[in-house]
Amino acid sequence: MPELPEVEVTRLSFADRIAGAEVLSVYLGKALRWPLGCAPAKLVGRTVQAVRRRGKYLLVDLDQGLLLVHLGMSGSLGFARHLAALGKHDHFEMRTSHGTLRLNDPRRFGAVVYVAGEDAPQARKLLGKLGMEPLSDDFDVARFHAGLKRRKTAIKQVLLAGDVVVGVGNIYASETLFLAGIRPTLNAARLSRPRVARLHAAIRDVLGRAVAGGGSTLRNFSSAAGESGHFQLEAMVYARAGQACRVCGTAIKSLRQGQRSTFYCPHCQKA
DNA sequence: CACGGATCCTGATGGC
DNA sequence: TGCCATCAGGATCCGT
């Protein structure tokens, strides 16, 4: 489910409401990707101060320490005053004075990790190598180009790796490369400055619009095609192998890169 | 060190 | 209750 826009929209959905809340109890279900890192009882009595985001991680600031929350491939967070009984895939729940925060994650690639601070070893391990925030002012063409020049692998895989720029997941990687007219297999270091500029613009444009549009993914959009207001985020290439390119009509191709599927238009995207 | 591949887990889907 | 293979929006870990 979650690429950066959904994580950001999730954050916006409860950050203000949970701020100031006191933690009343913590429930842990089946193991997630990593252990919580402290006894659940240690969180009781803490106060939630804010919810921030770094890449696809949510940072839930407490008066002592913080929680790093990642939704993995299949996770979703809900926050409400009253929730139904715990479901099969609800593996973390934190009751607070303002409502209950609950993580549902069928595949359990997600995680909730307590760290004493952002300098704690586990925090540095998870957050330390993250690249630039795509919607921040830091992410400019010059820095993007400099980052890509250091990487010798395919541009699609560099986008996914997240150590140059964060938040571009498998769907948006294919989509932004289409919008920029760049073949996904091209060596990142060899992209010309104008092409880097086009890719930079595509990333900011697509991610920014997805956040503004409520974080729904392109895949969801395609299934909801025809709904007004969402039309502009219809997938151009993702999951469209064999179908006609919406721009030129050429059949969309697919390939595997690092165990992930990639989609592109062989005519619109130049090698 | 940078890269490519294996890996964690459950569920949906489609072929046979 | 059919069985099996494949794929899924992530990203870390490990061997080379």
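Just so we're on the same page: letters track the sequence lines, and every chain starts at 1.
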Original post:
If the P atom of C/dT1 is compared with that of B/dT13, how far apart are they to the nearest Å?
Top reply: 23 Å
Original post:
Counting any heavy atom closer than 4.0 Å, what does A/K129 reach on the DNA or RNA strands: base, sugar-phosphate only, or nothing?
Top reply: nothing
**OP:** Please work out if A/R150 contacts a base, only the sugar-phosphate, or nothing of the nucleic acid, heavy-atom cut-off 4.0 Å.
**Re:** nothing
**OP:** Assign A/R33 to base, sugar-phosphate, or nothing according to its heavy-atom contacts below 4.0 angstrom with the strands shown.
**Re:** base
Original post:
Should A/K129 and A/D163 count as an ion pair when the cut-off is N to O under 4.0 Å?
Top reply: no
Original post:
Going by heavy atoms in the side chains, are A/R17 and A/H98 under 4.5 Å from each other?
Top reply: no
Original post:
Which whole number of Å gives the distance between the P atom of B/dC9 and that of C/dC3?
Top reply: 23 Å
Original post:
Nearest 0.5 Å, what's the SG-CZ distance between A/C265 and A/F178?
Top reply: 6.0 Å
Subject >> Separation of the P atoms in B/dA6 and C/dA8, to the nearest angstrom >> reply: 16 Å
Subject >> Out of C/dA8, C/dG10, C/dT12, whichever nucleotide has its closest atom nearest the side chain of A/W34 >> reply: C/dT12
**OP:** In whole angstrom, give the distance that lies between atom NE2 of A/H70 and atom P of B/dC9.
**Re:** 18 Å
Original post:
Should the pair A/E133-A/R53 be classified as a salt bridge under the 4.0 Å nitrogen-to-oxygen rule?
Top reply: yes
Subject >> 5′-ward residue of the pair A/A161/A/F263 relative to DNA chain C >> reply: A/F263
**OP:** Please state the P separation for the pair C/dC7 and B/dG5 - nearest whole angstrom.
**Re:** 15 Å
**OP:** Pick base, sugar-phosphate or nothing for A/G169, based on heavy-atom distances below 4.0 Å to the nucleic acid.
**Re:** sugar-phosphate
Subject >> Distance, rounded to the nearest Å, where A/R107 contributes CZ and B/dT7 contributes C1' >> reply: 11 Å
